[in-house]
Amino acid sequence: GELHHLAKESVLPYVNECSNAELASIQADHDPEGNVHYLLGHRNREFELDADGSATEVFVNYGTGYENVRVRKGYAFVSKEECERIKKATEFDEIESLYEVLEFSEGDVDATVEFLYKLFEPRPHEQEMHQEAIHRALGVALLLHNRVLERCRRKLDGKYEEHVDVLKKSDWLWKSLTARCHKICHQQRQLDFNRSLAYRVLSPLLAPRPDLLREAISKFD
């Protein structure tokens with residue numbers, strides 16, 4: 001979208017990342033409290049900027065700690081072998097973070113369902129998202145829906161009216177994401193997103209918990 005008028009008055013939105021072969025004119029450094037600051041200038045050499053009114057593009061290099069993001073976005077600065085190593089390490093970290101959903105409090109579950117519902121709710125123009133992001137979101141949605149169902153089942157007296165809204169939204173969420181998976185399959189001229197494809201997508205995420213994987217796959221019968 002369009003930049004806010006205050007953002008347009010700042011240098012930060014106009015800074016682009018450069019490769020290791022290029023000279024960064026912006027240095028990103030942390031202060032003692034962990035805040036990031038963009039500092040204009042070169043490291044270990046003088047910085048010259050012509051004061052003639054002409055535009056000068058400024059660049060920053062986020063360093064080696066940003067490499068996993070570059071790998072995910074497809075413009076890594078490292079070798080193919082290192083890319084594969086980073087991908088495997090990142091996949092493990094993402095699976096670990098996915099299972100944090102199982103430790104969420106009821107309030108955290110409700111807040112996450114609400115956030116994802118607003119992110120994916122129907123719009124005139126559907127937001128384009130990467131296929132892997134849709135698949136991961138589906139895994140999260142199924143875990144959240146499972147948590148909400150468990151909560152409702154614990155209400156033995158059947159009094160769970162206060163949870164009806166989050167139950168409906170979590171149900172809509174995983175079904176909506178499944179519909180998006182169907183759409184991706186059709187665009188790629190594949191079969192429908194059936195039980196077999198669902199297993200292939202969800203098993204890397206849910207394999208550590210076979211019980212949750214079976215329950216998730218059963219929704220696609």
Side-chain angles (χ1 to χ4, degrees), residues 1-101 103-104 108 111-112 114-121 123 125-141 177 180 184 187-188 201 204-205:
E2 288 292 321
L3 286 174
H4 188 276
H5 73 280
L6 292 177
K8 290 180 179 179
E9 297 174 1
S10 170
V11 174
L12 301 185
Y14 307 101
V15 178
N16 295 314
E17 190 182 20
C18 64
S19 68
N20 290 331
E22 297 172 292
L23 190 61
S25 48
I26 295 287
Q27 313 302 324
D29 281 330
H30 291 84
D31 66 21
E33 294 183 352
N35 301 305
V36 178
H37 298 271
Y38 275 6
L39 308 177
L40 183 64
H42 298 310
R43 293 190 188 276
N44 305 319
R45 59 169 287 179
E46 289 187 3
F47 177 72
E48 296 181 359
L49 189 65
D50 294 332
D52 58 1
S54 60
T56 300
E57 192 168 9
V58 288
F59 295 100
V60 65
N61 187 316
Y62 296 122
T64 56
Y66 195 70
E67 200 60 50
N68 62 327
V69 179
R70 297 189 191 102
V71 169
R72 189 176 73 243
K73 292 185 175 181
Y75 67 97
F77 295 167
V78 295
S79 66
K80 184 177 180 180
E81 292 75 17
E82 182 64 9
C83 275
E84 290 303 314
R85 187 196 68 77
I86 291 174
K87 282 182 179 178
K88 290 180 180 178
T90 303
E91 287 172 2
F92 177 79
D93 290 341
E94 288 182 348
I95 290 172
E96 287 288 298
S97 63
L98 182 70
Y99 278 87
E100 291 178 4
V101 174
E103 307 299 325
F104 280 7
D108 289 337
T112 307
E114 186 66 26
F115 171 80
L116 292 175
Y117 180 81
K118 289 181 178 178
L119 181 64
F120 292 104
E121 65 182 340
R123 294 181 177 87
H125 303 288
E126 189 176 88
Q127 181 183 3
E128 290 295 327
M129 294 188 69
H130 194 276
Q131 177 177 326
E132 290 183 4
I134 295 293
H135 291 167
R136 179 173 168 78
L138 177 60
V140 172
L177 288 165
R180 287 202 180 197
I184 291 171
Q187 289 172 342
Q188 297 177 350
V201 167
L205 298 173

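Just so it is clear, the model here is predicted, and its values are computed rather than measured. Note that the numbering runs from 1 along the sequence shown for the chain.
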Steps toward side chain to side chain contact (heavy atoms under 4.5 Å, CB included) verdict (V58, Y14)
CA-CA 8 Å; V58 288; Y14 307 101; 5.6 Å; no
Roughly how far, to the nearest 0.5 Å, is the OG1 atom of T112 from the CD atom of E114?
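E114 CD to T112 OG1: 10.5 Å, rounded to 0.5 Å.
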Once rounded to the nearest 0.5 Å, what's the spacing between atom CG of N61 and atom CD of Q27?
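CD of Q27 is found 8.5 Å from CG of N61.
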Quick one: does S25's side chain have a donor or acceptor within less than 3.5 Å of a partner on F59's backbone?
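Flag set: sc S25 to bb F59 pair under 3.5 Å.
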Which atom of R70 lies closest to which atom of E67, heavy atoms considered:
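That would be NH1-OE1, 2.7 Å.
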Shortest non-hydrogen contact between V60 and I26, atoms and distance
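Between these two residues, the closest heavy atoms are CG2-O, 3.4 Å.
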Contacts of D31 that satisfy side chain to side chain donor-acceptor pair (under 3.5 Å) - sequence neighbours left out
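N35, H37.
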Between F120 and L177, is the side chain to side chain contact (heavy atoms under 4.5 Å, CB included) condition met? List the steps.
CA-CA 8 Å; F120 292 104; L177 288 165; 3.7 Å; yes
